[in-house]
Amino acid sequence: MQIEPTALAGVLVLTPARHGDARGFFSESWNRKTLREAGVDLPEFVQDNHSLSAATGTLRGLHFQAPPHAQGKLVRCVRGRLLDVAVDVRLGSPTYGQWVAEELSFENGRQLWVPAGFLHGFLTREPDTEIAYKCTDHYAPECDGSVAWDSVGIDWGVTAEPVLSAKDKAAVPFAEFKSPFTYEEYA
Ligand SMILES: Cc1cn([C@H]2C[C@H](O)[C@@H](COP(=O)(O)OP(=O)(O)O[C@H]3O[C@H](C)C(=O)[C@H](O)[C@H]3O)O2)c(=O)[nH]c1=O
């Protein structure tokens, strides 16, 4: 397991080992013991999610669940390729409003750990891209929120309007966003 920090403290890139042979490969995509032995202790995961985005240029985000159902997410790409983005929205954080972006793909096997207190979104870079991610709290639609993908200054590398859900088209601009997270609680 390779563990890399990012420019945002707490956001990590995890890359599990792949054991290749003539059939293909085997990989432990999640192993709490391996991470603990490397000094990384993530919260318990209670829900796994999986989505398929058919078109290249599909953008899902920027999403969060507000407390008391804030979600940390461990994200991986199981088919295709995507740009995965996390934005620090913890009030009082020294990196408030700052973002990191990592390309995740089936090929590179990289995973992004996005702690609670961060917005999460991704843009697909190939057709039929599938994402699978582990969440530290259950789905709570009443706590679901989103911020406009193009209001944070993220360099998505898009050349055309992305494919968006109606919810994401109507998302609040970052300048009007009232974060429910504090650095004190989610550091
Ligand atoms: C998130 C979620 C959704 N749903 C249902 C609700 C809708 O009927 C349908 C699609 O939901 P939504 O449009 O919110 O899905 P995404 O746009 O992929 O949103 C997700 O993508 C971004 C990148 C995230 O980080 C979040 O996990 C989540 O917000 O699935 C569920 O039944 N359970 C769930 O946990």
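Counting starts at 1 for both ligands and their atoms, following the listed order.
Within the 6.0 Å centre-distance limit, the rings of F177 and F64 are counted as a close aromatic pair. A centroid separation of 6.0 Å or more is found between the aromatic rings of F118 and W99.
The nearest protein atom to atom 6 (C) of ligand 1, hydrogens excluded, is given as Y139 OH, 3.4 Å; this is a heavy-atom distance. In terms of protein heavy atoms, atom 29 (O) of ligand 1 is closest to H63 ND1, 2.6 Å. At the shortest separation from atom 24 (C) of ligand 1 among protein heavy atoms lies K73 NZ, 3.6 Å.
With hydrophobic clusters built from ILVMFWY side chains whose heavy atoms lie under 4.5 angstrom apart, L123 does not share a cluster with V75.
Remark: the S27 side chain and the S29 side chain contain no N/O donor-acceptor pair separated by less than 3.5 Å. Counted by atom type alone, H69 and D144 present zero donor-acceptor pairs between their side chains at under 3.5 Å. No side-chain donor-acceptor contact under 3.5 Å links R81 and T129.
Closest heavy-atom approach to atom 27 (O) of ligand 1 within the set F118, Y133, F64: this belongs to Y133.
Between E103 and R110 there is no salt bridge, since no side-chain N of the basic residue sits under 4.0 Å from a carboxylate O of the acidic one.
Taking any N or O of S51, backbone or side chain, none lies under 3.5 Å from an N or O belonging to ligand 1. Not a single N or O atom of D168, backbone or side chain, sits closer than 3.5 Å to an N or O atom of ligand 1. For K167, a nitrogen or oxygen atom sits less than 3.5 Å from a nitrogen or oxygen atom of ligand 1, counting backbone and side chain alike. Of the N or O atoms in S165, none lie within a sub-3.5 Å distance of an N or O in ligand 1.
Protein heavy atoms are absent from the 4.0 Å sphere centred on atom 11 (O) of ligand 1. Proximity of atom 22 (C) of ligand 1 to the protein is indicated by at least one non-hydrogen atom lying closer than 4.0 angstrom. Inside a 4.0 Å radius of atom 3 (C) of ligand 1 there is at least one protein heavy atom. By the definition of a contact as any protein heavy atom under 4.0 Å away, atom 34 (C) of ligand 1 is in contact.
Near H120, meaning under 4.0 Å from one of its heavy atoms, ligand 1 places the atoms 23 (C), 24 (C), 25 (O). In summary, the atoms of ligand 1 found under 4.0 Å from a heavy atom of F122, numbered by their order in the structure, are 23 (C).
Under the 4.0 angstrom criterion for non-hydrogen atoms, Q47 is in contact with ligand 1.
Y133 places none of its side-chain heavy atoms less than 4.5 Å from the side chain of R76.
Side-chain atoms of T182 do not come within 3.5 Å of backbone N or O of R90 as any donor-acceptor pair.
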TODO: Please report the C-alpha distance between R60 and S53 in whole Å, then the side-chain angles of each, then the deciding distance to 0.1 Å, and finally whether the side-chain hydrogen bond (donor to acceptor under 3.5 Å, both in side chains) criterion is met.
DONE: CA-CA 9 Å; R60 297 180 188 243; S53 300; 2.9 Å; yes
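Proximity of R60 to ligand 1, defined as any heavy-atom pair under 4.0 Å, is shared by backbone and side chain alike.
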